[in-house]
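Just so it is clear, the values below take in all heavy atoms, side chains as well, and ignore hydrogens, waters and symmetry mates.
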Protein chains: 2
Amino acid sequence: MDIVLLKTLLAVAETGSFSGAANSLHCVQSNVTSRIRRLEDHFGQKIFLRGKAGAKLTDFGERLHAKAEDLLQLFAAAERELLDASGAGAPLSLGSMETTAAVRLPALLKRLKGRSPASSVSLKTGPTADLLAMVRDRKIDAAFVAGPVDSTRFNAVRAFTERLVCARNPANPDNGSLLAFRTGCSYRATAQAWLKSLGRSDTEITEMGTLDGILGCVAAGLGFAVAPEEAVRGARDADQIEIAPLPEPFATVDTFLVWRIDHVPVEAHRTLIEVLEGHS
Amino acid sequence: MDIVLLKTLLAVAETGSFSGAANSLHCVQSNVTSRIRRLEDHFGQKIFLRGKAGAKLTDFGERLHAKAEDLLQLFAAAERELLDASGAGAPLSLGSMETTAAVRLPALLKRLKGRSPASSVSLKTGPTADLLAMVRDRKIDAAFVAGPVDSTRFNAVRAFTERLVCARNPANPDNGSLLAFRTGCSYRATAQAWLKSLGRSDTEITEMGTLDGILGCVAAGLGFAVAPEEAVRGARDADQIEIAPLPEPFATVDTFLVWRIDHVPVEAHRTLIEVLEGHS
DNA sequence: AAATAATATCTCTAAATTTGATATATGGAT
DNA sequence: ATCCATATATCAAATTTAGAGATATTATTT
């Protein structure tokens, strides 16, 4: 039972097909076939039912899959800890909301680099809900998300406190649609709650993928947005955007760094926590 | 981090030398060197301090060793369970006291074979203390040992009840030395306790490795032995051996099948338990 | 300084894995 | 029914990797 075989098993189960797995593993499909067959030969059992619809786990396949997930997870965790202990500095993969990444992280990561020069840090951005799912599934080590945080499942330290404002165009302050990130973004949820409190639940919503895009549209007069004050002030077209305060409780949002409760932080992660705790 | 590398690490740590590990792994020493180096390269850390005195784990090596032990153990347990679930029948490795193996196991294993034809069973013999150590260290799945059993660490089912007797030569019934297995054999301990109760603690003890040897010597008039009645009756030279009863509490000894409390029995093992429970 | 006992290095060979091309199967549309 | 699209399976060649065996190096002891 080799590790590569188990990884292949997971990839097939996840993508639902041999060719999909080959793609995600960056190898050819005949390879996936051969690895799965090696596993099947080893146990003398079919692991996948093949069909046009794709590959489906058999009962035995399910059991093997469950074990493989556990084992690979333990293996990865052990390796991470050891790499960390080896002084080489285990990589730290972070997630962050788009706005936080734009406004807060550059300075923070610079300070982190100063304190832990050896470690490499990678960053994925996305809305709070997606980030929490990634942390839950161990796809990333930790993430910056908007509070509040479910403390039964995640460890958290407060990282920043944002003041949310309404960014609008001076020309037509109350018109146009709400420009927001896709569902899952906590600022969008806050914006909708605010509009609801004003009896404006029917406001049209335009989804956009990036903060720059949203603020650019606001500057162009296409609508208004809810975003952290810092982000709006730092925008490219800040001079064409008017900032209006939001009433409480919508105005104040804490951003937390969160990670799985059973996740042992690597050195870079510990340093990050220290920096945040010393700073807040 | 490959599994073979971790196994090699354990072997070097256990034998205390690269060449010793090569020997125990049935490969050449240069192989061991290369595998350990692969590990060391991977983590950028020395794992062993090499010296004339042998190989000693570094601090980092100790951590890696601890993790490797855990991971390999989990891997092996998972594979065992899956092989068992696959219907192929996971192998069952048993241990047994020499006398039990000679007198009781043939019939028992035949019945087991009848009920679980697919599974393969292997057997190691040794004294009770060694067997318990092997079960503790997961070298074997289960063992037949003399009671009583520490039930906080082992699961146990009673397998047989032996009546211990004193086997002696009719010609010189009370002379000669006690012929016994080496230290760790529970019958030997019983024999010594009995002799002590008779005020004969000073009786000379001759160690022998096999039951046949012991009984052969008894027949030849070299001494006497304490052994299960069945074993003595079935001996090759039974007609030249006289059987004398032992007083209680020395006469009755239960033999148990024991296994680690955290060990999940495979199919052949479960069948064996059933047979023993149905029979006792 | 030689002898010894250990690990390291090197080359060759064997085995296993990956590739890429192609064959085969399966389900749906024409 | 036949063809088409999308899967997986098979096969031979190429590549990579690990193992064996011979030899070199190192460190310790005498």
> Among residues 12-27 of chain B, which residues get a heavy atom nearer than 4.0 Å to DNA chain C?
Replying inline: B/Ser17, B/Phe18, B/Ser19

>> Check this one for me: any side-chain N or O of B/Arg37 less than 4.0 Å away from OP1 or OP2 of C/dT7?
In response: no

> Would you call A/Asp262-A/Arg260 a salt bridge at under 4.0 Å N-O?
Replying inline: yes

> Which whole-number value in Å describes the distance from B/Ile36 CD1 to C/dT9 P?
Replying inline: 14 Å

> Parallel, tilted or perpendicular: which describes the rings of A/His269 and A/His263, with under 30° parallel and over 60° perpendicular?
Replying inline: tilted

>> Can you see if the side chain of A/Asn31 gets near the phosphate of C/dT19 - specifically, an N or O under 4.0 Å from OP1 or OP2?
In response: yes

>> Without decimals, in angstroms, what is the distance between A/Ile3 CD1 and C/dA16 P?
In response: 19 Å

>> Rounded to whole Å, please give me the gap between CZ in A/Arg35 and C1' in C/dT19.
In response: 12 Å

> What pairs with A/His65 under side chain to side chain contact (heavy atoms under 4.5 Å, CB included), at least two apart in sequence or on another chain?
Replying inline: A/Leu10, A/Ala13, A/Leu57, A/Glu69

> In whole angstrom, what separates A/Asp2's CG from C/dT17's C1'?
Replying inline: 11 Å

> Once you round it to whole Å, what is the distance between P of C/dA8 and CZ of B/Phe48?
Replying inline: 11 Å

> Is a side-chain donor or acceptor of A/Thr206 paired with a backbone partner of A/Leu179 at a separation under 3.5 angstrom?
Replying inline: no

> Within this structure, what is the CD-to-C1' distance between A/Gln29 and C/dG20, rounded to whole angstrom?
Replying inline: 11 Å

>> If the condition is side chain to side chain contact (heavy atoms under 4.5 Å, CB included), which residues does B/Leu74 pass it with, not counting sequence neighbours?
In response: A/Leu71, A/Leu74

>> If the threshold is 4.0 Å, N to carboxylate O, is there a salt bridge linking B/Arg50 and B/Glu40?
In response: yes

> Mapping A/Arg50 and A/Ser30 onto DNA chain C by nearest heavy atom, which one lands closer to the 5' end?
Replying inline: A/Ser30

>> Suppose the criterion is ring-ring contact (aromatic ring centres under 6.0 Å, His included): which pairs have a residue in residues 3-42 of chain B, not counting sequence neighbours?
In response: B/Phe18-B/Phe48

> Which two nucleotides bound the region of DNA chain D that has atoms under 4.0 Å from heavy atoms of chain B, read 5' to 3'?
Replying inline: D/dA18 to D/dT28

Return a table of donor-acceptor pairs under 3.5 angstrom between the side chains of residues 83-94 of chain B and protein atoms on other chains or two or more places apart.
unit_1  : atom_1 : unit_2   : atom_2 : d
B/Asp84 : OD1    : B/Glu267 : N      : 2.7
B/Asp84 : OD2    : B/Glu267 : N      : 3.0
B/Asp84 : OD2    : B/Arg270 : NH1    : 3.4
B/Ser86 : OG     : A/Phe43  : O      : 3.2
B/Ser86 : OG     : B/Leu83  : O      : 2.7
B/Ser86 : OG     : B/Ala88  : N      : 3.2
B/Ser93 : OG     : B/Asp141 : N      : 3.4

> How close or far is atom P of C/dA8 from atom CG of B/Leu39, stated in whole angstroms?
Replying inline: 13 Å

> Is it true that B/Lys67 and A/Glu79 have a side-chain N and a carboxylate O under 4.0 angstrom from each other?
Replying inline: no

